[in-house]
2 protein chains.
Amino acid sequence: MPPTTKRSARPHSDHDHANCVTDAIARAEAVCAERGARLTENRRRVLELVWQSHAPVGAYEVLERLRKDGTHAAPPTVYRALEFLMEQGLVHRIESRNAFVGCPQPEQRHAAQYLLCEGCGDAVEIEIGGLARKIVSRAAELGFAVAAQTVEAHGLCSRCQQIGA
Amino acid sequence: MPPTTKRSARPHSDHDHANCVTDAIARAEAVCAERGARLTENRRRVLELVWQSHAPVGAYEVLERLRKDGTHAAPPTVYRALEFLMEQGLVHRIESRNAFVGCPQPEQRHAAQYLLCEGCGDAVEIEIGGLARKIVSRAAELGFAVAAQTVEAHGLCSRCQQIGA
DNA sequence: TTCGGTTTTGTTACTCTATACCATGATGCC
DNA sequence: GGCATCATGGTATAGAGTAACAAAACCGAA
Ligand SMILES: [Zn+2]
Ligand SMILES: [Zn+2]
Ligand SMILES: [Zn+2]
Ligand SMILES: [Zn+2]
């Protein structure tokens, strides 16, 4: 009998995703402890729910999942938790989907860059060397001071290309 | 007495913006003619309204402006026009604002890159040399086929930096 | 330990953004 | 004219996000 490991709605990669979740939570607790930020039960739970897949999840989907726990939550509950998690760099917002996804490397603040698959829905955070810096410096040439960046590439992951082929 | 030229809600640059609008419309008509795309009255009007400022404008703001003309429009009217205009590359969607802005160079399809000022709201479309290509090639290394990109930098334009200083 | 300020959560109601669906009208080709 | 295709009208509803205020939990100091 298979374990109770939860999977993405459109599962794709075969890794043991339970590890991703527990690892993410552990790291979140570590960074919050170090920073003196309060990872309350609600916030921890929302983070866990966001991490249930590698596909970005909408705030209202998080809300539903919360309610299935028996919690009596309303939209502000979720949005406030997400706001905190974003401030701490524990989740990123995917602008082109109005959705949220866990950050695999929260210890160090960074400009997020994503590959977003239109087939399976997964979001893969990447780092393109020098890209963030290039944006900042080009903006500076135009007198513009960059405070935050959004870099999202939409397309098909290798697996979805094969399926569609 | 000043001309009837309309300005941005938070006007900023002193150029004669009426030129921007008429130029944009002229170029839109040209590209549509060449492509056999039908720039109908509605679509032309929506494009005009989007161009009323250099700040991205929400679909519902366009809707309001349309109605002030006496037109009896509903949301789908606006969204359909915007969809057409985006297909033709005449407007771009600013994902981080759920809003739309006219493209200053619609003749040639391209991945849009924007500087978005949090002070005045203006969006400046830029082209960072090699950036789009770099994203595509790094994605390709990971087996990911990029179909579209979103690059948005948020911060303060030079003018707003001075004001805030 | 009790007080009082700060932070977090609860609750309600609402605004803004976007799309599904079906009907109607225009356009242009044969 | 007949017919397919494209564009619009119009209603209803789904989805995303926030304002505002009240209650509760937390925490450091008196
Ligand atoms: Zn995983
Ligand atoms: Zn995929
Ligand atoms: Zn202008
Ligand atoms: Zn500005």
Side-chain angles (χ1 to χ4, degrees), chain A residues 9 28-29 32-33 35-50 55-67 69-88 90-101 118 121 150 152, chain B residues 9 28-29 32-33 35-50 55-67 69-88 90-101 118 121 150 152:
Chain A
E29 275 166 355
C32 286
R35 293 174 193 165
R38 291 163 60 185
L39 186 63
T40 63
E41 177 53 26
N42 255 323
R43 292 164 174 177
R44 202 192 53 74
R45 186 74 187 117
V46 167
L47 179 59
E48 214 169 65
L49 293 172
V50 166
V57 52
Y60 278 72
E61 201 175 337
V62 172
L63 183 56
E64 267 183 37
R65 294 178 185 177
L66 259 187
R67 282 173 171 163
D69 289 356
T71 322
H72 217 69
T77 305
V78 173
Y79 280 101
R80 285 192 282 233
L82 288 171
E83 188 183 11
F84 169 86
L85 295 170
M86 283 197 294
E87 274 167 9
Q88 298 301 325
L90 297 167
V91 309
H92 295 297
R93 179 186 166 80
I94 305 299
E95 301 290 353
S96 54
R97 287 201 200 157
N98 297 336
F100 306 83
V101 69
E118 288 161 359
T150 302
E152 298 172 7
Chain B
E29 275 166 354
C32 286
R35 294 173 191 166
R38 290 164 60 185
L39 186 63
T40 63
E41 177 53 26
N42 255 322
R43 292 165 173 176
R44 200 193 56 74
R45 186 74 187 119
V46 167
L47 179 59
E48 215 169 66
L49 292 173
V50 166
V57 53
Y60 278 72
E61 201 175 337
V62 172
L63 183 56
E64 266 183 38
R65 294 178 186 176
L66 258 186
R67 282 173 171 163
D69 290 355
T71 321
H72 216 69
T77 305
V78 173
Y79 280 101
R80 284 192 285 235
L82 288 171
E83 188 183 12
F84 169 85
L85 295 170
M86 282 197 292
E87 275 166 9
Q88 297 301 323
L90 298 167
V91 310
H92 293 297
R93 180 186 166 79
I94 305 298
E95 300 290 352
S96 54
R97 288 201 200 157
N98 296 336
F100 305 84
V101 68
E118 288 160 359
T150 303
E152 298 171 7

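In this structure, CZ of A:Arg45 is placed 20 Å from P of C:dT8, rounded to the nearest angstrom. One atom, CZ of A:Phe100, and another, C1' of D:dG15, lie 13 Å apart when rounded to the nearest Å. Distance CG (A:Leu85) to P (C:dT8): 12 Å, rounded to an integer number of Å. Look at CG on B:Leu82: it is 15 Å from P on D:dA7, rounded to the nearest Å. In this structure, the CZ atom of A:Arg44 is 16 Å from the C1' atom of C:dT8, given to the nearest Å. In this entry the distance linking CG of B:Leu39 with P of C:dA26 reads 19 Å, nearest Å. Following rounding to the nearest Å, B:Arg93 (CZ) and C:dT19 (P) show an atom-to-atom distance of 8 Å. Following rounding to the nearest Å, A:Asn98 (CG) and C:dC16 (P) show an atom-to-atom distance of 16 Å.
The side chain of B:Thr77 contributes no N or O atom lying less than 4.0 Å from OP1 or OP2 of D:dG10. Side-chain nitrogen and oxygen atoms of A:Tyr79 include at least one within less than 4.0 Å of the OP1 or OP2 phosphate oxygen of D:dG17.
Salt bridge status for A:Glu48 with A:Arg45: present, with a side-chain N to carboxylate O gap under 4.0 Å. The residues B:Arg44 and B:Glu41 are annotated as salt-bridged, a charged nitrogen and a carboxylate oxygen being separated by less than 4.0 angstrom.
The nucleotide whose nearest atom lies closest to any side-chain atom of A:His72 is, among C:dA18, C:dT8, C:dT11, C:dT11. The side chain of B:Asn42 lies closest to D:dG9, out of D:dT11, D:dG9, C:dG10.
Mapped onto DNA chain D by nearest heavy atom, A:Arg97 and A:Arg38 fall at different nucleotides, with A:Arg97 at the one closer to the 5' end. Where A:Ala73 and B:Ala99 each meet DNA chain C at their nearest nucleotide, the meeting point lying more 5' is that of A:Ala73.
With hydrogens and angles ignored, a donor-acceptor pair closer than 3.5 Å exists between the side chain of A:Arg80 and the base of C:dG10. Judged by distance alone, with hydrogens and angles left aside, B:Tyr60 brings a side-chain donor or acceptor within reach of the base of C:dA18, the pair sitting under 3.5 Å.
A donor atom on one side chain and an acceptor atom on the other are not found under 3.5 Å apart for B:Thr150 and B:Glu95.
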Intermediate values then yes/no, side chain to side chain contact (heavy atoms under 4.5 Å, CB included), A:Phe84 and A:Leu39: CA-CA 9 Å; A:Phe84 169 86; A:Leu39 186 63; 4.1 Å; yes
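Closest non-hydrogen pair, B:Val50 versus B:Phe100, comes out as CG1-O, 3.9 Å.
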